[in-house]
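First listed ligand is number 1; within each ligand, the first listed atom is number 1.
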Amino acid sequence: MARKPASLFVCQNCQAQYPKWTGRCEQCGEWNTLEEETRTATPSRSATTRKGAGLKTTRLDGKATPPARLDTNMAELNRVLGSGLVPGSVVLVGGDPGIGKSTLMLQMTCALARAQHNVLYVSGEEAIDQIRLRARRLELDRDPKALDQLELAASININDITASLEERRAFQVVVIDSIQTMWLEGVASAPGSVSQVRSCAFELIRLAKTLGFVLILIGHVTKEGALAGPRVLEHMVDAVLYFEGDRGHQFRILRAAKNRFGATDEIGVFAMTDTGLREVPNPSALFLAERHGNIAGSAVFAGLEGTRPILLEVQVLLSAKSGDGAARRAVLGWDSSRLNMVLAVLEARCGLKLGSLDVHLNITGGLKVTEPAADLAVAAALISAATGQPTAPDEAYFGEIGLSGEVRQVSQTGIRLKEIAKLGFRQAVIPRHVGTANARPKAPHTLTIAETGHLSDLVRRFSPAGKD
Ligand code: TYD
Ligand code: MG
C-alpha cells in the first residue's frame, strides 16, 4: 500500500494540491506559488471510533424561534447583518488593506461594550499602543462605560487565544484582526497560507459554536478581489461582509455577500472622516450634494442597492477623438460594455452619432453601479452632452434599454419613485408600463411621470420643437 505523504504542496493562488514541488502550478499557470504544508490534522479514526448514536429527527412544522440578536447600535451595520449579530455566529469582514475594517470593528466593539456586552478585540496586526491611538482619534477612550467591558489583546497565537477564551468563557463578541496574521502551532506553514488560515479559522469557529460567542474574522482581500488565503473560509462562516470603497473618496459601502441570518445585497453606507466612520442614513442626499445643475452631460439615476434606493449622478464628457486609433471609452463606476451598447443603440436607432468622440463616463461618489436600470440615465447624460442641453434639474431617470431601442421595465418602480420624490425631484422619466398583471405602483403626488417607450422619445425631449 502506498504510504500517505506527510506533507503536500499547495498552490497559494488556486489551492491545487501536489505531492511534489514544481515551479509552476499546472492548474492556474502561476509560477512559484506552491508551498509545502502539512496535512490538516484529521483525527485518526482509531482514536475517535465509537459507534454513532441514532439521529433524533423532527418534523418541519414545529415551533421555531428567530435567533436572538445583539444590537450593534450602528444602524447601517445592523441593516447589513439583518438587525444585529446572532450569538454563536461567525462573520467574515473582508476588504482591501487600509479601507477601514479595523476602524469599523473598533467602533462596533465600543458600541457593543457601551451596551454592556463583554467584548474581546484581538489584534495580530497592530500593537496595543496603536489601537489606543486610534481609539483616541475616534474619541472612544472617553467612555467609561465602554472601557470596562472591552478588552484588548495583541496576539497571533491561536493556541493562546483559544486557551484564554475557554478559560474565561465570558465574552459575547470576539474580533480577530486579521485571520491572515494568525498562527496555529503544529501547522507547518507561514501565517496567511491556505492551511494556516483554514486551520486557525476552524479552531476559532469550533469554539464560537460551542461557547456561543459571536466571532468576527477580519480578512484582507487580494488585488483580484478574492479573500487572500482560501476561499474555503467563505464556506465556513455564517456571513461574509465586504467593506468597499474608493480610497480617494470618503464613502465606504458595507455589503453582505452571504448571510445565513439575513438578506444579502443589503448595503450600509459610511463616510470616513477625521474622527472615524460616520453612518450615512440618507446616502442619496450625500451622493447628490455636489451636483451642479444646468450643466450638459449630467443625469440623475434612481438606483437600487439591495432593498435600498439610492440616487446617483451620471456624468458624461464628450470630446473630440485624440489620436488616430479608436475613440476612447473611459468608464468609472459602470460597465464599459454596457456603455458601448447604449452608444450603439443611440447611433443605430436614433441616429445620434457619437462614434468618433471620446466618451468619459463617471458615476459620482465612487459607487459601482451594476444595474441595467442605469441605461436610461446614461443615455440621457449622453444625449444631453451631445446636444449641449442640460437635463432638467428636478428630473431623475431609470430604465433598461434593449437593442432595438425599446425602454424596458425594471424592478421596484415604487421604491425608486418614492426616493425620487423624497429628495425633492418633480419629474421621473421611466419605462412605459405595459400591461402585466399588476398595475404600475402609484407615484407620489408631487411627481410628474414621463413614460418612455423608446429611446427616440428621450432624444426628442432634448430637442423640443422650435429649438435645435
Ligand atoms: P484601517 O481601519 O486601519 O483599515 P484596515 O483595517 O481595513 O486596513 O483604516 C485605515 C485608514 O483609514 C487610514 O488610511 C486612515 C483612515 N482613517 C481616517 O481617515 N480617519 C480615522 O479616524 C481613522 C481611524 C482612520
Ligand atoms: Mg486593519
Side-chain angles (χ1 to χ4, degrees), residues 72-74 76-77 80-81 91-114 119-143 146-147 150-156 158 161 173-183 191-192 196-197 200-201 204 215-229 233-234 237 239-257 267-280 286 365-366 368:
T72 62
N73 286 311
M74 294 173 79
E76 294 295 302
L77 194 57
V80 181
L81 288 165
V91 181
L92 178 64
V93 178
D96 289 331
I99 204 71
K101 301 180 294 297
S102 303
T103 308
L104 179 67
M105 286 302 116
L106 189 63
Q107 285 182 245
M108 183 199 73
T109 44
C110 280
L112 282 166
R114 207 174 295 136
V119 187
L120 174 66
Y121 190 106
V122 184
S123 180
E125 305 210 327
E126 291 158 313
I128 296 292
D129 280 352
Q130 273 175 292
I131 304 175
R132 284 203 179 121
L133 285 175
R134 174 179 293 139
R136 190 153 305 155
R137 186 166 165 190
L138 305 177
E139 298 178 359
L140 295 172
D141 59 339
R142 300 202 186 147
D143 191 342
L147 295 176
L150 172 60
E151 295 187 37
L152 298 177
S155 172
I156 61 163
I158 287 291
I161 296 169
V173 179
V174 177
V175 177
I176 303 290
D177 186 3
S178 66
I179 189 66
Q180 278 112 354
T181 55
M182 294 296 144
W183 178 72
Q196 273 293 1
V197 170
C200 292
L204 292 164
L215 174 65
I216 296 180
L217 303 173
I218 296 180
H220 295 298
V221 166
T222 59
K223 279 200 297 297
E224 293 77 30
L227 271 176
L233 212 52
E234 296 194 355
V237 301
V240 180
L241 312 183
Y242 280 106
F243 205 36
E244 305 170 346
D246 189 339
R247 283 233 237 144
H249 286 94
Q250 62 171 162
F251 305 114
R252 300 283 181 272
I253 309 282
L254 188 67
R255 199 185 287 278
I267 64 162
V269 183
F270 297 85
M272 181 63 96
T273 68
D274 289 347
T275 51
L277 289 158
R278 289 275 151 78
E279 298 185 61
V280 179
L286 205 64
K368 277 205 177 55

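- Scanning the protein heavy atoms around atom 22 (O) of ligand 1, the nearest turns out to be Gly276 N, 2.7 Å.
- In terms of heavy-atom proximity, Gly276 sits nearest to Thr103 at CA-CG2, 4.3 Å.
- Listed by number with element, the atoms of ligand 1 under 4.0 angstrom from any heavy atom of Pro97 are 8 (O).
- Counting heavy atoms closer than 4.0 Å to ligand 1, residue Leu277 contributes nothing at all.
- At least one side-chain heavy atom of Thr72 sits less than 4.5 Å from a side-chain heavy atom of Leu81.
- In this structure, atom 15 (C) of ligand 1 has its sub-4.0 angstrom surroundings free of protein heavy atoms.
- Contact annotation: for Arg137 versus ligand 1, heavy atoms closer than 4.0 Å belong to the side chain alone.
- Using a 4.5 Å heavy-atom threshold, the side chains of Val91 and Val237 count as separate.
- Among all non-hydrogen protein atoms, the one lying nearest atom 4 (O) of ligand 1 is Gly100 N, 3.1 Å.
- Every atom of ligand 1 with a heavy atom of Thr103 under 4.0 Å away is listed here by number and element: 1 (P), 2 (O), 9 (O), 24 (C).
- Here the closest non-hydrogen pair linking Gln180 and Ile218 is OE1-O, 4.4 Å.
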Query raised in the report: What do the steps show when you test Arg252 against Glu244 for salt bridge (Lys or Arg N to Asp or Glu O under 4.0 Å), and what is the final call?
Result: CA-CA 6 Å; Arg252 300 283 181 272; Glu244 305 170 346; over 6 Å; no
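- Here the heavy atom of the protein found nearest to atom 3 (O) of ligand 1 is Arg134 NH2, 2.8 Å.
- The SG atom of Cys110 sits 12.0 Å away from atom CE of Met105, with the distance rounded to the nearest 0.5 Å.
- In this structure a side-chain-to-backbone donor-acceptor pair under 3.5 Å is present from Glu76 to Val269.
- Among protein heavy atoms, the minimum distance from atom 6 (O) of ligand 1 is reached at Ser102 OG, 2.6 Å.
- Heavy atoms only, all atoms of each residue included: Glu279 and Phe270 are closest at CG-CE2, 3.8 Å.
- Nearest protein neighbour of atom 8 (O) of ligand 1, counting heavy atoms only, is Gly98 N, 2.6 Å.
- Contact annotation: the side chain of Leu254 never approaches that of Tyr242 to less than 4.5 Å [non-hydrogen atoms, C-beta and beyond].
- Shown here are the side chain to side chain donor-acceptor pair (under 3.5 Å) partners of Arg134, two or more places apart in sequence or in another chain: Glu126.
- Shown are the protein N/O/S atoms under 2.8 Å from the Mg ion (ligand 2), given by residue and atom: Ser102 OG.
- Near Met272, with a cut-off below 4.0 Å to any heavy atom, the atoms of ligand 1 are 12 (O), 16 (C), 17 (N), 18 (C), 19 (O), 20 (N).
- Look at Asp96 and you'll find a heavy atom under 4.0 Å from some atom of ligand 1.
- Taking every heavy atom of Thr275 and a limit of under 4.0 angstrom, the matching atoms of ligand 1 come to 22 (O).
- Proximity of Thr273 to ligand 1 is established by a heavy-atom distance of less than 4.0 Å.
- The atoms of ligand 1 that sit less than 4.0 Å from any heavy atom of Leu138 are 22 (O), 24 (C).
- With a 4.0 Å heavy-atom cut-off, ligand 1 is reached by no atom of Leu104.
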